[in-house]
Amino acid sequence: DQSLSDKDRQLKDRQKQLDDLKTLLNRQTMAINSLKSKVADALTGFNAQDLTVEMKNGKVYVSLQENLLFKSGSDVVGKPGSDAIGKLATVLNKNPDVNIEIEGHTDNVPLIKGKFDDNWDLSASRALSIVRILEKDGVDPKRLIASGRSEYSPVVSNESADGKARNRRTEIILSPKLDELYQILDRN
């Protein structure tokens with residue numbers, strides 16, 4: 001029967017697609033775990049309260065506290081922050097199949113008007129400062145995204161001075177390019 005043969009072929013095709021997806025996802029999981037290790041190794045020596053590297057949602061999050069990167073209310077990266085970003089750039093340049101998003105975050109204390117209009121402006125400008133350093137250190141700008149989150153994505157409550165300090169951070173989010181995954185999904 002022709003229709004039974006067609007259905008059998010479709011089932012085999014679907015199983016192959018599923019197997020290909022599983023193989024690719026396993027490979028990407030191994031690659032992202034390897035990247036996390038390389039990033040963590042490159043950034044050893046920095047104070048654990050100033051810098052963390054962790055996995056969330058299949059991505060590597062490098063969280064840099066304000067006091068490592070910037071003076072209060074500034075978007076100018078200091079020497080310790082530049083050193084950390086330079087070490088990160090070295091790893092990123094060796095791993096070109098990773099997208100890089102830089103997110104600036106602030107606490108909920110309104111800024112006194114000056115160079116920046118508000119926390120949105122400050123958080124976006126800080127992210128852009130990190131992008132400029134990564135670009136100067138040879139990271140392909142096509143891989144970079146800068147965004148400001150202002151006070152709207154806190155990691156802890158802003159009720160205490162310690163909480164506010166933890167929320168003033170820049171996150172560098174590393175995620176695998178998913179081109180191969182989309183190619184497998186588009187085969188049907």
Side-chain angles (χ1 to χ4, degrees), residues 21 23-71 74-106 119-150 152-155 165-185:
L21 284 170
T23 300
L24 179 60
L25 288 173
N26 286 336
R27 203 168 67 225
Q28 287 189 330
T29 298
M30 288 175 19
I32 205 76
N33 282 328
S34 172
L35 178 64
K36 178 186 180 282
S37 294
K38 290 173 187 171
V39 168
D41 289 348
L43 297 174
T44 54
F46 289 94
N47 187 331
Q49 276 123 354
D50 293 341
L51 184 151
T52 60
V53 180
E54 63 182 339
M55 289 270 299
K56 289 191 289 191
N57 308 319
K59 299 175 183 180
V60 176
Y61 282 71
V62 181
S63 186
L64 305 144
Q65 292 306 122
E66 176 188 58
N67 59 345
L68 175 64
L69 297 172
F70 307 103
K71 291 186 176 161
S74 171
D75 67 346
V76 177
V77 179
K79 174 113 176 69
S82 289
D83 290 346
I85 295 163
K87 290 180 181 197
L88 181 60
T90 300
V91 173
L92 296 174
N93 285 328
K94 292 177 184 173
N95 293 274
D97 290 333
V98 175
N99 289 317
I100 307 153
E101 183 171 356
I102 298 89
E103 285 185 351
H105 297 266
T106 65
N119 281 327
W120 279 110
D121 196 14
L122 176 62
S123 65
S125 187
R126 285 179 168 182
L128 191 55
S129 292
I130 304 302
V131 163
R132 298 280 189 232
I133 293 170
L134 289 170
E135 193 175 12
K136 179 183 72 63
D137 288 342
V139 177
D140 183 351
K142 293 176 189 164
R143 300 170 57 199
L144 300 170
I145 300 168
S147 62
R149 299 292 304 266
S150 186
Y152 298 106
S153 187
V155 288
R166 287 184 57 200
N167 289 328
R168 293 188 303 266
R169 68 200 188 281
T170 300
E171 291 184 335
I172 300 174
I173 305 162
L174 311 175
S175 56
K177 292 183 179 177
L178 300 175
D179 300 347
E180 281 184 85
L181 179 66
Y182 294 129
Q183 288 172 0
I184 291 170
L185 292 173

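The structure displayed is predicted, hence computed values, not measured ones. Starting from 1, each residue takes its place in the sequence as its number.
- To the nearest 0.5 Å, atom CG of residue Leu21 and atom CD of residue Gln28 are 10.0 Å apart.
- Atom CD1 of Ile102 sits about 5.5 Å away from atom CG of Leu134, to the nearest 0.5 Å.
- Note: Asp50 CG to Leu69 CG = 9.0 Å, rounded to the nearest 0.5 Å.
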Donor-acceptor pairs under 3.5 Å, side chain of residues 33-41 to any protein atom, not counting sequence neighbours: which ones?
unit_1: Asn33; atom_1: ND2; unit_2: Thr29; atom_2: O; d: 3.2
unit_1: Ser37; atom_1: OG; unit_2: Asn33; atom_2: O; d: 3.3

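- In this structure, Leu68 and Pro80 approach most closely via the heavy-atom pair CD1-CB, 3.8 Å.
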Hey, can you pull the donor-acceptor pairs under 3.5 Å for the side chains in residues 165-176, sequence neighbours left out?
unit_1: Asn167; atom_1: OD1; unit_2: Val155; atom_2: N; d: 2.7
unit_1: Asn167; atom_1: OD1; unit_2: Val156; atom_2: N; d: 3.2
unit_1: Asn167; atom_1: ND2; unit_2: Val156; atom_2: O; d: 2.8
unit_1: Asn167; atom_1: ND2; unit_2: Asn158; atom_2: OD1; d: 2.9
unit_1: Asn167; atom_1: ND2; unit_2: Gly163; atom_2: O; d: 3.2
unit_1: Arg168; atom_1: NE; unit_2: Glu66; atom_2: OE1; d: 2.7
unit_1: Arg168; atom_1: NH1; unit_2: Asp107; atom_2: OD2; d: 2.7
unit_1: Arg169; atom_1: NE; unit_2: Glu171; atom_2: OE2; d: 3.1
unit_1: Arg169; atom_1: NH1; unit_2: Asn167; atom_2: O; d: 3.0
unit_1: Arg169; atom_1: NH2; unit_2: His105; atom_2: ND1; d: 3.3
unit_1: Arg169; atom_1: NH2; unit_2: Ser153; atom_2: O; d: 2.7

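- Between the side chains of Ser150 and Asn119, not a single donor N or O lies within less than 3.5 Å of an accepting N or O.
- Nearest heavy atom pair, residue Ala146 against residue Val131, reads CB-CG2, 3.6 Å.
- Heavy atoms from other residues, nucleotides or ligands lying under 6.0 Å from CZ of Arg143 number more than 12.
- Under the 3.5 Å distance criterion, the side-chain polar atoms of Thr90 are matched with a main-chain donor or acceptor of Gly86.
- Separation of atoms CG (Asn67) and CG (Leu51) is listed at 10.5 Å; rounding is to 0.5 Å.
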> What's the verdict on side chain to side chain contact (heavy atoms under 4.5 Å, CB included) for Val139 and Asn93, showing C-alpha distance, side-chain angles and the deciding distance?
Replying inline: CA-CA 6 Å; Val139 177; Asn93 285 328; 3.5 Å; yes

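- Under a 3.5 Å cut-off, the side chain of Asn57 and the backbone N or O of Lys59 do not form any donor-acceptor pair.
- Distance check: Lys56 NZ to Tyr61 OH gives 5.0 Å after rounding to the nearest 0.5 Å.
- Under the 3.5 Å distance criterion, the side-chain polar atoms of Ser123 are matched with a main-chain donor or acceptor of Trp120.
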> Between Phe70 and Ile130, does a side chain to side chain contact (heavy atoms under 4.5 Å, CB included) hold up when you go through it step by step?
Replying inline: CA-CA 11 Å; Phe70 307 103; Ile130 304 302; 4.1 Å; yes

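- Between Asp83 and Lys79, at least one side-chain N (NZ, or NE/NH1/NH2) sits under 4.0 Å from a carboxylate O, which counts as a salt bridge.
- A distance of 12.5 Å separates NZ in Lys87 from CG in Asp137, rounded to the nearest 0.5 Å.
- Judged by distance alone, with hydrogens and angles left aside, the side-chain atoms of Ser129 form a donor-acceptor pair with the main-chain N or O of Asp75 at under 3.5 Å.
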